[in-house]
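The shown structure was predicted, so the numbers you read here are calculated from the model rather than taken from an experiment. Chain letters run A, B, ... following the sequence lines, proteins first and then strands; every chain starts at 1.
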2 protein chains.
Amino acid sequence: MPIEIPDVVVDRLPLYYRLLSRLDAEGRAVVSSQELGEELGVTPAQIRKDLSYFGRFGKQGRGYSVSRLQEELKAILGLDGRWKVIVIGIGRLGRAIASYPGFEGQGFDVIALYDAAPNLIGTEIEGQRVRDVTALEDDLKKTAVDIGVVAVPGEFAQDVVDTLVDAGVNAILNYTPNRVQTPPGVEVRHINPVLFLQSMTYHLRQRRSS
Amino acid sequence: MPIEIPDVVVDRLPLYYRLLSRLDAEGRAVVSSQELGEELGVTPAQIRKDLSYFGRFGKQGRGYSVSRLQEELKAILGLDGRWKVIVIGIGRLGRAIASYPGFEGQGFDVIALYDAAPNLIGTEIEGQRVRDVTALEDDLKKTAVDIGVVAVPGEFAQDVVDTLVDAGVNAILNYTPNRVQTPPGVEVRHINPVLFLQSMTYHLRQRRSS
């Protein structure tokens, strides 16, 4: 039975994994919760608590084994497998996403691109022929897809997400400014630059007023 | 003296603000921590704790005033002001960012675009003439900028960030896959789609194995 890990902790795991991969590449064998905390901007106590969800990796006073923790996180995050990704909406943003370096190396295979624009359909982008978005539903019946990346204009976001979810796609990365509704059990992440800017202006404001 | 609010809480504030704006637009006067929690996927106890950093907004058993909480968050997040944003790197991603709907309405003014490509410099994009990135340092001496959005190829990220930070830009939104180093006091947010995908594959893996 899987352990129930809080979402805020799950969202930090990729950061741990990335940091551990870097330390591993640098030849480091052991790392302390202190150092992990400094690198990630959280307290050592929080690090120990986060990692305790996965059992006892660290030995009191001796730190964590970099390679062992990295391997465990890799398995927990499902990064020892490969995941089929499609991108819907091949405007500027969609193309930028489709050509993002680092997907493949992390187990994410972009297997198809979709758009609604006649001048794009059938053209080749990043080595893939752009498919007509009207074929999406049928395509999903033939080939199971793990993750749908949605980069269509906001007003089409919900329709596309509905098609994906109805066809059994359980993970959606939504790049549109629009919120989308999904049934329970579907994972949605929303990349909205405004939210990132707002979390920084808090700090800028503190500085201005101090 | 500003209150010290944990970063994880600060990062949730824009989500609260967006939700409250929606509720306000729908004509809602009061909202409970229960409902806020359901909408945002955190526990009501966490909601009450988060909001307690800003004083007593809620009355026991009566919920929060939507408009009052929204106004307070707006001030806390600095969204009652305007912020000068520049975008460096006007490739596909940079253009998509520069044309993102919703910046202006949230107080973010994209005041300049920069690139290094001779065929882009001087062209007009989103109503702005693209400037030569070699002019960045001088431009920043003349016009203070609040936030730099970096969408250059990864290998140039650190150089651009150094130029921004040296010129007093204290907030960086980094869209490159590369990590950047900044001195203490500079806010950096990193938008890396791989990290979002990885936080979803955790859940997909749990489902596959259950």
Side-chain angles (χ1 to χ4, degrees), chain A residues 1-2 5 7-8 10-11 13-15 17-18 22 41-42 75-79 81 83 85 91-93 95-97 99-103 106-108 146-147 149 154 170-173 177 179 185 187 189 191-210, chain B residues 1-2 5 7-8 10-11 13-15 17-18 22 41-42 75-79 81 83 85 91-93 95-97 99-103 106-108 146-147 149 154 170-173 177 179 185 187 189 191-210:
Chain A
M1 201 172 64
I5 303 171
D7 280 351
V8 290
V10 172
D11 288 347
L13 298 185
L15 299 172
Y17 179 71
R18 189 173 60 172
R22 199 189 83 211
V42 296
I76 288 163
L77 287 169
L79 306 179
W83 303 93
V85 178
R92 286 189 291 238
L93 184 57
R95 282 182 213 209
I97 298 161
S99 63
Y100 196 85
F103 278 157
Q106 299 293 337
F108 299 103
D146 299 303
I147 302 169
V149 178
N170 285 320
I172 308 283
L173 187 56
R179 286 166 54 93
E187 294 296 321
R189 298 293 183 280
I191 298 192
N192 181 338
V194 169
L195 299 181
F196 287 87
L197 295 182
Q198 290 178 342
S199 80
M200 294 199 288
T201 52
Y202 164 79
H203 296 279
L204 296 179
R205 169 59 53 92
Q206 295 287 87
R207 206 161 298 147
R208 274 191 191 172
S209 61
S210 62
Chain B
M1 201 172 65
I5 304 172
D7 281 351
V8 289
V10 171
D11 287 348
L13 298 185
L15 299 172
Y17 179 71
R18 189 173 62 172
R22 198 188 84 209
V42 295
I76 287 164
L77 287 169
L79 306 178
W83 303 92
V85 178
R92 286 188 291 238
L93 184 58
R95 282 184 213 207
I97 300 162
S99 64
Y100 196 85
F103 277 157
Q106 299 293 338
F108 299 103
D146 300 302
I147 301 169
V149 178
N170 284 320
I172 309 282
L173 188 56
R179 287 167 53 93
E187 295 295 322
R189 297 292 183 280
I191 299 192
N192 182 339
V194 170
L195 299 180
F196 287 88
L197 295 182
Q198 290 178 342
S199 80
M200 294 199 289
T201 51
Y202 164 80
H203 296 280
L204 297 180
R205 169 58 54 91
Q206 295 288 88
R207 206 161 296 148
R208 274 191 191 174
S209 61
S210 65

Q: Quick one: pull up CZ in A:Arg95 and CZ in B:Arg92 and give me the separation to the nearest 0.5 Å.
A: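 A:Arg95 atom CZ to B:Arg92 atom CZ measures 6.5 Å (nearest 0.5 Å).
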
Q: Using side-chain heavy atoms (C-beta onward) and a distance below 4.5 Å, is B:Arg179 in contact with A:Arg22?
A: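 They are in side-chain contact.
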
Q: Looking at chain A, which one of B:Ser99, B:Gly185, B:Ser199 has the largest number of heavy-atom pairs inside 4.5 Å, strictly under?
A: B:Ser199

Q: Within a strict 4.5 Å, meaning less than it, do heavy atoms of the B:Leu93 and A:Tyr100 side chains meet?
A: no

Q: What are the two closest heavy atoms between B:Pro101 and A:Pro177, and how far apart are they?
A: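 Taking B:Pro101 first and A:Pro177 second, the nearest heavy atoms are CG-CG, 3.7 Å.
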
Q: Determine the minimum heavy-atom distance between B:Ile191 and A:Pro193, stating which atoms define it.
A: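 Heavy-atom minimum between the residues: CD1-CA, 4.3 Å.
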
Q: For A:Ala171 versus B:Met200, what's the shortest heavy-atom pair and its separation?
A: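 For A:Ala171 versus B:Met200, the nearest heavy atoms are CB-SD, 3.9 Å.
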
Q: Against chain B, label A:Phe196 side chain, backbone, both or neither, depending on which of its atoms sit under 4.5 Å from a heavy atom there.
A: both

Q: Apply side chain to side chain contact (heavy atoms under 4.5 Å, CB included) to the pair A:Arg18 and B:Asn192, showing each step before the final yes or no.
A: CA-CA 11 Å; A:Arg18 189 173 60 172; B:Asn192 182 339; 3.7 Å; yes

Q: Counting C-beta onward and ignoring hydrogens, is there a side-chain heavy-atom pair between B:Phe108 and A:Thr201 closer than 4.5 Å?
A: yes

Q: So what's closer than 4.5 Å to chain A heavy atoms on B:Ile97: side chain, backbone, both or neither?
A: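 Neither part.
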
Q: To the nearest 0.5 angstrom, please state how far the CG atom of A:Leu79 sits from the CG atom of B:Leu197.
A: 10.0 Å

Q: Minimum heavy-atom separation for A:Leu195 and B:Leu15, please, with both atom names.
A: CD1-CD2, 3.6 Å

Q: Check each atom of B:Ile147 against the heavy atoms of chain A and say whether the ones under 4.5 Å are side chain, backbone, both or neither.
A: side chain

Q: Go through B:Asp146, B:Val85, B:Val149, B:Leu13 and name the one with the most non-hydrogen pairs under 4.5 angstrom from chain A.
A: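 Max contact count across the listed options: B:Asp146.
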
Q: Compare every heavy atom of B:Arg205 with every heavy atom of A:Trp83, then report the nearest pair and how far apart it is.
A: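 Distance-wise, the nearest heavy atoms are CH2-N, 4.0 Å.
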
Q: Give the minimum heavy-atom separation between A:Tyr202 and B:Ile76, together with the two atoms involved.
A: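 A:Tyr202 and B:Ile76 have their closest heavy atoms at CD1-O, 3.3 Å.
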
Q: Taking the side chain as everything from C-beta on, heavy atoms only, tell me whether B:Ile5 gets closer than 4.5 Å to A:Gln206.
A: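 No, their side chains stay 4.5 Å or more apart.
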
